[in-house]
Amino acid sequence: MDSVEKKESAERKKTIFSGVQPSGNLTIGNYIGAIRNWTLLQNEYNCIYCVVDMHAITVRQIPAELRRRTYETLAIYIAAGLDPEKNILFVQSHVPAHAVLSWDLGCFTMFGELSRMTQFKDKSQKNADNINAGLFTYPVLMAADILLYQADLVPVGLDQKQHLELARDIAVRFNNTFGDTFTVPDGYIPKTGMKIMSLADPSKKMSKSDSNPNASVGILDGYDDIIRKFRRAVTDSDTVVRYADGKDGINNLMTIYSCFTGKSFEEIEKEFDGKGYGDFKSAVGETVADSLKPLREKFTALMKDKAYLEDIMRMGAENASRIAARTVSKVHRKLGFAQLK
Ligand code: ATP
Ligand code: LTN
């Protein structure tokens, strides 16, 4: 690098990459752990956000539903406040370079590493009749997503930390073998809200693929539904609203309330001093339902305009493909693949 290049690269905005699978109804866990933070980062970084449909097929999907959810997930990104003019928003399967780099990186990932992934172990248990190779190599495709765009930062929830560390290890391994090729990415995991728990069983992560409808609150759930689910949320037999060990249910509700209001746990404890769990649960429900209302309305309007969503997908795929092609070409040159000009 000459000095001009060095200056340019120092001034270059850092790149962010992240994605959500269109594998179910997105929950407030996805919102608090990931999407909400993406919107906060869009002015300071070059941001690339993907609907990772190829990851979603590691679990059996109904094709018509997968297609609908792909549009819906993109519409949620925009409705949550991601500006398609400022960010690259696209669908993973529209950029075949993801599959190409995934193959290359798979040859730099060890069987033992993939065997240790807790998400693989969890999902193998839940889908015992379909423990396919895609489920096993899922983290390699995720590493390809991130490394293709030379991402500096990856905003995700806590459950993705292990996958992110693997992506870093793969990048370092490749760089050590072939010289500087990939940016080694850092995670961006929020301090509050990194792991929102199930409302039905607060020892479990809230997950969009949970079969119990009362376990999770969907970003798009109706107003009354949200309030009802919070009222039914499992808590302990204490009556005081305070954040403490052993009060997983209340701790979770306080975390959700804090994320939607910006209030600290201390402020929340003061606000509900002398009041019971019932009042607190109603307040959390109303706050979440009110906060998500504008998002829901914008989402409904966007879903009526498929052509607009397809324009965004097309533009996103073109921009993403251009960046991805540069990385693939560099990797293939380093690997020794014969390249035609
Ligand atoms: P699935 O149930 O289909 O595995 P999921 O709800 O875990 O899905 P993903 O698509 O795997 O959702 O995750 C999208 C993003 O949301 C990731 O960054 C993930 O870390 C984050 N996320 C998911 N669930 C939570 C949660 N309960 N709390 C905080 N962040 C979460
Ligand atoms: N594995 C993630 C989704 C995902 C992702 C990514 C997140 C796929 N590719 C790249 C960040 C960066 C999940 O299951 N939540």
Side-chain angles (χ1 to χ4, degrees), residues 15-38 47-61 65-66 69-70 72-73 76-77 80 90-93 95 98-99 101-102 105 117-120 122-127 134-135 137-149 151-168 170 185-212 215-219 252 255-256 259 320:
T15 298
I16 284 192
F17 183 96
S18 198
V20 172
Q21 306 178 66
S23 54
N25 295 326
L26 268 63
T27 71
I28 56 168
N30 300 131
Y31 183 69
I32 295 172
I35 299 173
R36 195 176 67 120
N37 299 314
W38 303 357
C47 300
I48 307 175
Y49 295 120
C50 185
V51 180
V52 289
D53 54 349
M54 287 157 67
H55 277 102
I57 63 161
T58 51
V59 171
R60 215 44 91 222
Q61 302 289 336
E65 276 187 17
L66 178 63
R69 290 198 162 119
T70 300
E72 284 180 358
T73 307
I76 288 178
Y77 288 3
F90 76 106
V91 176
Q92 190 183 30
S93 65
V95 181
H98 289 250
L101 187 65
S102 180
L105 297 182
M117 295 291 121
T118 52
Q119 183 173 302
F120 171 67
D122 284 355
K123 294 220 167 173
S124 301
Q125 243 173 22
K126 283 186 197 149
N127 303 280
L135 201 59
T137 58
Y138 177 110
V140 182
L141 179 59
M142 176 162 162
D145 297 342
I146 298 165
L147 302 183
L148 261 183
Y149 301 96
D152 299 282
L153 215 57
V154 183
V156 283
L158 185 65
D159 61 313
Q160 294 305 308
K161 191 164 179 251
Q162 196 185 29
H163 287 164
L164 210 60
E165 276 160 10
L166 180 61
R168 286 171 60 91
I170 297 171
D186 281 314
Y188 180 101
I189 298 176
K191 279 202 186 73
T192 309
M194 64 172 98
K195 190 174 183 189
I196 300 298
M197 312 309 277
S198 154
L199 295 192
D201 176 359
S203 67
K204 265 176 46 188
K205 182 184 90 116
M206 185 182 286
S207 162
K208 63 172 125 67
S209 56
D210 200 313
S211 55
N212 178 355
S216 62
V217 174
I219 298 180
N252 189 39
T255 302
I256 295 170
C259 289

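Both ligands and their constituent atoms are indexed starting at 1 by order of listing.
For ligand 2, the atoms closer than 4.0 angstrom to any heavy atom of Val154 are 11 (C), 12 (C). Near Phe17, meaning under 4.0 Å from any of its heavy atoms, are these atoms of ligand 2: 10 (C), 12 (C). Taking a cut-off of under 4.0 Å to the non-hydrogen atoms of Ser23, the atoms of ligand 1 that pass are 3 (O). Atoms of ligand 2 found under 4.0 Å from any heavy atom of Val156, numbered from 1 in the order shown, are 7 (C), 11 (C). If you number the atoms of ligand 2 from 1 as listed, the ones under 4.0 Å from a heavy atom of His55 come out as 8 (C), 9 (N).
Any N or O atom pair closer than 3.5 Å counts here, and Ser18 shares no such pair with ligand 1. Of the polar atoms of Ile196, at least one N or O is found under 3.5 Å from an N or O of ligand 1, judged by distance alone. Where the criterion is an N or O separation shorter than 3.5 Å, residue side chain and backbone included, Ser209 meets it with respect to ligand 1. Distances between N or O atoms of Gln21 and those of ligand 2 include at least one value under 3.5 Å.
Between the side chains of Lys208 and Ser23, a donor-acceptor pair is found at a separation under 3.5 Å.
Within the 4.0 Å heavy-atom criterion, neither part of Leu141 lies near ligand 2. At a heavy-atom cutoff of 4.0 Å, ligand 2 is contacted by no atom of Leu164, backbone or side chain. Counting heavy atoms under 4.0 Å from ligand 1, residue Met194 touches it through the backbone alone. Proximity of Lys208 to ligand 1, defined as any heavy-atom pair under 4.0 Å, is shared by backbone and side chain alike. The proximity of Val20 to ligand 2, defined as any non-hydrogen pair under 4.0 Å, does not occur for either the backbone or the side chain.
Of all the heavy atoms in Asp186 and Leu164, the pair that sits closest is C-CD2, 4.2 Å. Between Val51 and Pro22, the closest heavy-atom pair is CG1-CG, 3.7 Å. In terms of heavy atoms, Ala320 sits closest to Tyr149 at O-CE2, 3.4 Å.
In the candidate list Asn252, Asp159, Thr73, Asp159 is nearest to atom 20 (O) of ligand 1, counting heavy atoms. Of the candidates Lys123, Gln160, His163, Met197, the one placing a heavy atom closest to atom 4 (O) of ligand 1 is Lys123. For atom 15 (C) of ligand 1, the candidate residues are Ala34, Gly157, Gly24; the nearest heavy-atom contact is made by Ala34.
The nearest heavy-atom contact from the protein to atom 22 (N) of ligand 1 is Asn30 ND2, 3.7 Å. The protein heavy-atom contact nearest to atom 9 (N) of ligand 2 is Asp145 OD2, 2.6 Å. For atom 1 (N) of ligand 2, the nearest protein heavy atom (residue, atom name, distance) is Tyr138 OH, 2.7 Å.
Side-chain atoms of Tyr77 come within 3.5 Å of backbone N or O of Cys50 as a donor-acceptor pair.
Proximity of Gly193 to ligand 1 is established by a heavy-atom distance of less than 4.0 Å. The shortest heavy-atom distance from Val20 to ligand 1 is under 4.0 Å.
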